[in-house]
Participant: 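Right, I'll just put the structure down here and ask away after.
These numbers come from the heavy atoms of this one structure, side chains and all, not from hydrogens, waters or symmetry mates. Letters go in sequence order (proteins before strands), and every chain restarts at 1. As the structure is a prediction and not an experimental result, all values here were calculated from the model.
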2 protein chains.
Amino acid sequence: MPRKSSAADAPLRLDNQICFAVYSAAHAFNRVYKPLLDRLGLTYPQYLVMLVLWERDDVPVKDIGERLFLDSGTLTPLLKRLEAAHLVKRTRSSEDERQVLIALTAQGHALKEKARAVPQSILAASDCSVSELVTMKDEIVALRDRLNAVIGE
Amino acid sequence: MPRKSSAADAPLRLDNQICFAVYSAAHAFNRVYKPLLDRLGLTYPQYLVMLVLWERDDVPVKDIGERLFLDSGTLTPLLKRLEAAHLVKRTRSSEDERQVLIALTAQGHALKEKARAVPQSILAASDCSVSELVTMKDEIVALRDRLNAVIGE
DNA sequence: TCACATTTAATTGTTCGCAATTGAATGTGC
DNA sequence: GCACATTCAATTGCGAACAATTAAATGTGA
């Protein structure tokens, strides 16, 4: 029973796992974003929801979920907190009473201007050229989409 | 007040965010791992802890935390669940009573053999060559380390 | 030795993330 | 028109993730 490192163990070594690279990079991003988003009064997932809404407003919860790969169990309480912060308004659609439409308030719209400072701070923190980041982003998105394709069988 | 898309909004567009690429890829990995890890009775963070312990046993909580970038607030309850599942044993160090040492049980050691099937399933799901994955992993790790460097100032 | 800072894990409280379920609204086939 | 399935958000329960605090053990300087 060898307890020393062996070649057969390489696939199980933490530092060989791309999933851990991604997992730990996501947490690192979170920690860099935290102080920036604190000034906006947002958490990171809330910031993502605001990014979606700043692109297009008055959308059902489901659309936000599809965009962010999140379900109602995550979004419902998060959106209620954004509503409590007076950033969004939740109203049931009159055409389809099952849907809840999410609209930005004036404050929600206004926050977009303050948010413009965030991406440039992140770019600086990543200490990387824009083109390198774009390349990496595209590769990671491609990998994500392949993984998501497997889930749907 | 233009509500249509403008070039000034590009930095705030969701699809331009590398952080979202990483964030959503991490969740995609999680969803692919889930059915595989269910068979081992582990969650993904628990699997990471087991990877660390399969490399080296009988280590303080702090060491696991440094390896995974997690703190005691996350690890203490997680390790208690692994102990409840009879995979690890938590014992206070006799040299330094502040430390809690984590050791694998026989079951914990044995689980490593069942876990060997996991990485190859992930490789298949990623639909990618090993060399491509290694390159991406190294780039992501380098980015993560630059981000972490900024946090420590 | 003794006050004091540091280290370490545990605890508490808040927010995600998801599976599973519920319940209401809508659509479909007959 | 009516049973039936589907869609959508909300809810519940559990497991992370982390900030902030607590408490005990250890190290350090005077």
Side-chain angles (χ1 to χ4, degrees), chain A residues 19-20 23-35 37-38 41-50 59-66 68-85 88 90-102 148 151, chain B residues 19-20 23-35 37-38 40-50 59-66 68-85 87-88 90-102 148 151:
Chain A
C19 64
F20 175 63
Y23 169 91
S24 55
H27 290 316
F29 267 118
N30 214 327
R31 284 188 284 267
V32 174
Y33 269 99
K34 180 113 199 353
L37 295 181
D38 278 350
L42 296 173
T43 66
Y44 180 69
Q46 290 169 6
Y47 174 69
L48 291 180
V49 169
M50 294 302 285
V59 291
V61 174
K62 189 174 191 292
D63 286 20
I64 301 174
E66 281 174 359
L68 299 177
F69 307 97
L70 296 174
D71 68 1
S72 69
T74 301
L75 288 175
T76 296
L78 188 156
L79 290 167
K80 284 183 177 175
R81 284 188 280 273
L82 288 180
E83 188 175 44
V88 307
R90 300 162 64 250
T91 48
R92 228 156 246 289
S93 164
S94 50
E95 296 107 56
D96 187 340
E97 291 273 348
R98 292 170 303 181
Q99 295 187 348
V100 169
L101 298 179
I102 308 298
N148 278 333
I151 295 163
Chain B
C19 63
F20 175 64
Y23 169 91
S24 55
H27 290 317
F29 267 118
N30 213 326
R31 285 188 284 267
V32 173
Y33 269 99
K34 178 116 199 349
L37 295 181
D38 278 350
L40 306 184
L42 295 174
T43 65
Y44 179 69
Q46 289 169 6
Y47 173 69
L48 291 181
V49 169
M50 294 301 285
V59 291
V61 174
K62 189 174 191 296
D63 285 19
I64 300 174
E66 282 174 358
L68 299 178
F69 307 97
L70 297 174
D71 68 1
S72 69
T74 301
L75 288 175
T76 297
L78 188 156
L79 289 166
K80 284 182 178 175
R81 281 179 215 110
L82 288 180
E83 188 175 45
L87 294 173
V88 307
R90 299 161 66 249
T91 48
R92 230 158 242 291
S93 164
S94 49
E95 295 107 54
D96 187 340
E97 291 274 346
R98 294 170 303 181
Q99 296 186 347
V100 169
L101 298 179
I102 309 298
N148 278 332
I151 295 163

Participant: Check the distance between D:dA16's C1' and B:Y47's OH and give it to me in whole angstrom.
Facilitator: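 Those two atoms, OH and C1', are 18 Å apart.
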Participant: Assign each of B:K62 and B:K80 to its nearest nucleotide of DNA chain C by heavy atoms, then name whichever residue's nucleotide is nearer the 5' end.
Facilitator: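 Looking at the nearest nucleotide for each, B:K62 comes out on the 5' side.
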Participant: Could you tabulate the donor-acceptor pairs under 3.5 Å formed by side-chain atoms of residues 76-83 of chain A, not counting sequence neighbours?
Facilitator:
unit_1, atom_1, unit_2, atom_2, d
A:T76, OG1, A:S72, O, 3.0
A:E83, OE1, A:R90, NH1, 3.4
A:E83, OE2, A:R90, N, 3.2

Participant: Anything under 4.0 Å to a heavy atom of chain A counts; send over the first and last such nucleotide of DNA chain C, read 5' to 3'.
Facilitator: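 Range of nucleotides touched by chain A: C:dT15 to C:dT26.
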Participant: Whether A:Q99 contacts D:dT7 is assessed here as follows: a side-chain N or O lying under 4.0 Å from the phosphate OP1 or OP2. Is that the case?
Facilitator: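 Checking D:dT7 against A:Q99, no side-chain N or O comes under 4.0 Å of OP1 or OP2.
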Participant: According to side chain to side chain contact (heavy atoms under 4.5 Å, CB included), who are the partners of A:T74, at least two apart in sequence or on a separate chain?
Facilitator: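 A:T74 satisfies side chain to side chain contact (heavy atoms under 4.5 Å, CB included) with A:L70, A:D71 once adjacent residues are dropped.
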Participant: Could you state the CD-P distance from B:Q46 to D:dG15, rounded to the nearest angstrom?
Facilitator: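 These atoms are roughly 8 Å apart.
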Participant: Walk along nucleotides 17-25 of chain D from 5' to 3' and tag each nucleotide B, S or - by protein heavy-atom contact under 4.0 Å, base first, then sugar-phosphate.
Facilitator: BB------B
Participant: Going by ring-ring contact (aromatic ring centres under 6.0 Å, His included), name the residues that satisfy it together with B:F20, two or more places apart in sequence or in a different chain.
Facilitator: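 Not a single residue meets the ring-ring contact (aromatic ring centres under 6.0 Å, His included) criterion with B:F20.
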Participant: ring-ring contact (aromatic ring centres under 6.0 Å, His included) with A:Y47: which residues, sequence neighbours excluded?
Facilitator: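 Result, ring-ring contact (aromatic ring centres under 6.0 Å, His included) vs A:Y47: A:Y33.
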Participant: With sequence neighbours excluded, what pairs up with A:R98 under the salt bridge (charged side-chain N to carboxylate O under 4.0 Å, His left out) test?
Facilitator: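 Counting only residues at least two positions away or on another chain, A:R98 forms a salt bridge (charged side-chain N to carboxylate O under 4.0 Å, His left out) with A:D96.
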Participant: Could you pick out which residue, A:L75 or B:T43, lies toward the 5' side of DNA chain D when each is mapped onto its nearest nucleotide?
Facilitator: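 The answer here is A:L75.
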Participant: With a non-hydrogen cut-off below 4.0 angstrom, is A:P77 in contact with a base, only sugar-phosphate, or nothing?
Facilitator: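 Nothing, no heavy atom under 4.0 Å.
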Participant: Given the rule in the side chain to side chain contact (heavy atoms under 4.5 Å, CB included) test, do A:T43 and A:L37 qualify, once you have shown the distances and angles that lead to the verdict?
Facilitator: CA-CA 6 Å; A:T43 66; A:L37 295 181; over 6 Å; no
Participant: Got a sec, which residues hit salt bridge (charged side-chain N to carboxylate O under 4.0 Å, His left out) with A:E97, two or more places apart in sequence or on another chain?
Facilitator: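 Listed in chain order: nothing, the list is empty.
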Participant: Closest-nucleotide mapping onto DNA chain C: is A:S94 or B:L79 further toward the 5' terminus? I mean the 5' end.
Facilitator: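 Nearest nucleotide further toward 5': that of B:L79.
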Participant: Any non-hydrogen side-chain atom of B:L42 less than 4.5 Å from a side-chain atom of B:L87?
Facilitator: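 Yes; the side chains approach each other to less than 4.5 Å.
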